[in-house]
2 protein chains.
Amino acid sequence: MVRNQSETRPAGPRPARPKDVRQGASIGGVGPDEPATLLTVARTAGVSKTTASDALRGSGRVSAETKARVLAAAAALGYVPNGSARHLRRASTGTIGLHVPEVLTRSVYYMAFVFGVVQGAADNDYDVTLITSGRRTPRVDGLVLGDPMADDPLVARLMGAGLPTVTCERFPGAGQADGVVLSQHAETVGALMDHLSASGASRPALIVAGDASDWAAAVHGGFRDWCARHDLEPLVRTVPFDAPADEVRRAARELLALRPEIDALVCGPAGAAAGIGPLLREEGRVPGRDLLLASCVDSQAMQLADPPITSIDLRPREAGVRCAELLFDLLAGRARPGAERVHPIELIVRDSTRRA
Amino acid sequence: MVRNQSETRPAGPRPARPKDVRQGASIGGVGPDEPATLLTVARTAGVSKTTASDALRGSGRVSAETKARVLAAAAALGYVPNGSARHLRRASTGTIGLHVPEVLTRSVYYMAFVFGVVQGAADNDYDVTLITSGRRTPRVDGLVLGDPMADDPLVARLMGAGLPTVTCERFPGAGQADGVVLSQHAETVGALMDHLSASGASRPALIVAGDASDWAAAVHGGFRDWCARHDLEPLVRTVPFDAPADEVRRAARELLALRPEIDALVCGPAGAAAGIGPLLREEGRVPGRDLLLASCVDSQAMQLADPPITSIDLRPREAGVRCAELLFDLLAGRARPGAERVHPIELIVRDSTRRA
DNA sequence: CTGTGATGCCGGAACGTTCCGGCATGCCGG
DNA sequence: CCGGCATGCCGGAACGTTCCGGCATCACAG
């Protein structure tokens, strides 16, 4: 039922079509409120559009004098390039897609990470769009995946999308992204353990999420390695990655009751350590004296706890910036697939582990 | 020194220009890795590009049978519209600009707010770009300004840019944005004061930032109004909007020393209340018993403090989503300039004000 | 003088979608 | 029969920038 119009139309000249009139927009920026276009700049500078474009972008061959004239015209006109036109021509989008584990989007860590990515993108004139499982994957130039989970089907799909991809920490599943920003979690946990030991702890324990993410696996591994080096059986209690604070607190209470010899507790899940202090006080124990307390994720809650809790500052915001920048380096050819960059993290010692 | 090439070129036919060959891209989606274009969908469905476009967008006049055929073709091809082409044609960008007070971008509140805006934007197929003072203002379809400060020149410039603009809280300067998302801060502070009074407090005090933002002014006003209604002289200590935690803690210490009759302290600055508990303990006082403690901004640190601190949950993430959605309503003509929407906030009562 | 290379400019076509108005067909009323 | 209207399709042009290759001029070497 498809009708081919060229077959049924009577032969003869087609009436001329009236021009699509649009208030001078095709000439560009002639009205007081219309953004200047490249054509406006070119006409103002008395050159062709190609020369104007080349002068502004530093491409082609343009004399210094002509370039200065074009730059001056652009500045005087407040010219801002039309990104849509540019990206259409270049088969690009100017946008990066960002994905973080959806079960934890309320986490302070991920909010800071997202902020960092948005900030890093803005610094490179890129826009950001969040990629979620309930949404058709939009066209983007590249991807940043924060803490990719092994059991997340959306992550698997994104990893296989053929787009330049950067992950924060390694993907625990098959294959690695084009770029990885990673931190020395195991080593820093080791340093934390050394510090606890130097503060007199001899029987440390760890509460950590399962190994679905590279980060949790590294924390777990770092603790186990430290115990092996010190001839200690690792005392570990595993909780789900998205366990609520109550569940972590319950796990801590059970662990401490089961093993009263524990004298230092390291909490993996973000925020968990701050909930242990009140628990200890209920039992008449003093956090930082009767039991050393540390967290693998720093936050404002750790800083403001009583006593302030020794933590590993993961600098999530800076991690986000760093991931975005590595992606732009990949997109610009300044980095090659397989690139890995170390994001520095830091052990912050506070009163919760300063036994005097 | 501008050379007009048509004047110097010898008369005669211009050699035919070789076609710009690009692997079938002008036909659209013929290669296995090339995204399908509208032309691909049209050809697959056996219709014109205009009919394909109309069928996918629900515009024009398309029969149900033809529409179904086009939708099926698009689905089979995994067609994703080229946003750059669409936005170029429509003179739009598909991007919203976001600005938050730069002095406080490390604040947990603003990171959550930014996350909410990004999330709300993604739900509406919009990208987000952060607008900062060190960057040329990009082309965007509209603006979201979080807590616009009266003394921020960038905010003044953005408010005057002629773009659809939504603010979270009112702009304390001249003029208002097209849309405002606001919360009943003064009323909720009043409810908090009622609660403190019901818990036995008779001499409350407030630490708050100056009136450079609508939020701080509302908190301050709500406290003053409550005191006026209860024949109390308002006890207020003002700190800078971006005062570090140490400074707020010092202000609290001085105020409590100056006015030992104070039996309830309300902290405006985010996170500040959590730092008062340890301060009280240093003086042998018990927070929640010897002095009631409350915060005008909830966060994880308030939840995890010892004791947990009664706070006003501003729901920053949801506020961000709400601002984004109001902007899209304005852009889509679903809301008119001058629109105001109330974002619900909630008093969360915790142990810090539960004197038994 | 001729040929070559460098410099600096240029116009046309491309990108993928939307918008606009034209055209063909069928139905109904006068 | 003719005219008007509704329905459903259609092609051309537009959007603003980039890419490509052509052309003119000049200087230098053989």
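Below, chain A is the first sequence line, B the second, and so on; all start at residue 1. Everything numeric in this text was worked out from a predicted model, so none of it was measured.
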**Asked** From the list C:dT17, D:dC9, C:dC10, which nucleotide is the closest neighbour of the side chain of B:R86?
**Response** C:dT17
**Message:** In whole Å, I'd like the distance from the CG atom of A:N82 to the C1' atom of D:dA14.
**Reply:** 13 Å
**Message:** Is the phosphate of D:dT18 approached by A:S53 (side-chain N or O, under 4.0 Å from OP1 or OP2)?
**Reply:** yes
**Prompt:** Side-chain contact, heavy-atom cut-off 4.5 Å: B:N124 with B:E325?
**Reply:** yes
**Request:** Taking only Lys NZ, Arg NE, NH1 and NH2, and the carboxylate oxygens of Asp or Glu, determine whether A:R341 and A:D329 approach each other closer than 4.0 Å.
**Result:** yes
**Request:** Find which nucleotide of DNA chain D each of B:A64 and B:A85 is nearest to by heavy atoms, and output the residue with the more 5' nucleotide.
**Result:** B:A64
**Request:** Give the rounded distance in Å between these two atoms: CZ of B:R43 and P of C:dG16.
**Result:** 12 Å
**Prompt:** Has the side chain of A:K49 got a donor or acceptor atom sitting under 3.5 Å from an opposite partner on the base of D:dT17?
**Reply:** no
**Request:** Could you please name the option among C:dT17, D:dT17, C:dC10 that lies closest to any side-chain atom of A:S48?
**Result:** C:dC10
**Prompt:** Nearest of C:dC10, C:dT17, D:dT18 to any side-chain atom of A:R57?
**Reply:** D:dT18
**Prompt:** With distance as the sole criterion, is a donor-acceptor pair present between the side chains of A:S92 and A:R90 under 3.5 Å?
**Reply:** no
**Item:** d(CD, B:E34; P, C:dG16) in whole Å
**Value:** 8 Å
**Request:** Figure out the CG/C1' separation between A:D54 and C:dC9, and round it to whole Å.
**Result:** 9 Å
**Asked** Which listed nucleotide (D:dT17, C:dG8, D:dC9) is nearest to the side chain of A:R89?
**Response** D:dT17
**Exercise: do A:H87 and A:T93 side chains pair donor with acceptor under 3.5 Å** = no
**Message:** Nearest whole Å is fine: how far is D:dT18 P from B:L88 CG?
**Reply:** 12 Å
**Base paired to C:dG3 (Watson-Crick or G-U; both N/O distances under 3.5 angstrom)** = D:dC28
**Complete:** Of the listed D:dC10, D:dT17, D:dT18, the closest approach to the A:Y79 side chain comes from D:dT17
**Item:** d(CG, A:L38; P, D:dG16) in whole Å
**Value:** 11 Å
**Asked** Does A:S63 put a side-chain nitrogen or oxygen below 4.0 Å from OP1 or OP2 of C:dC9?
**Response** yes
**B:T66 side-chain proximity, nearest of C:dC9, D:dT18, D:dC9** = D:dC9
**Prompt:** Do B:T50 and C:dC19 have a side chain to base donor-acceptor pair shorter than 3.5 Å?
**Reply:** yes
**Prompt:** Do A:T40 and A:T37 have side-chain atoms, one donor and one acceptor, less than 3.5 Å apart?
**Reply:** yes
**Request:** Would you kindly give the CZ-to-P distance between B:R90 and C:dC15, to the nearest whole Å?
**Result:** 21 Å
**Request:** Nearest whole angstrom, please: distance from the P of C:dT25 to the CZ of B:R61.
**Result:** 16 Å
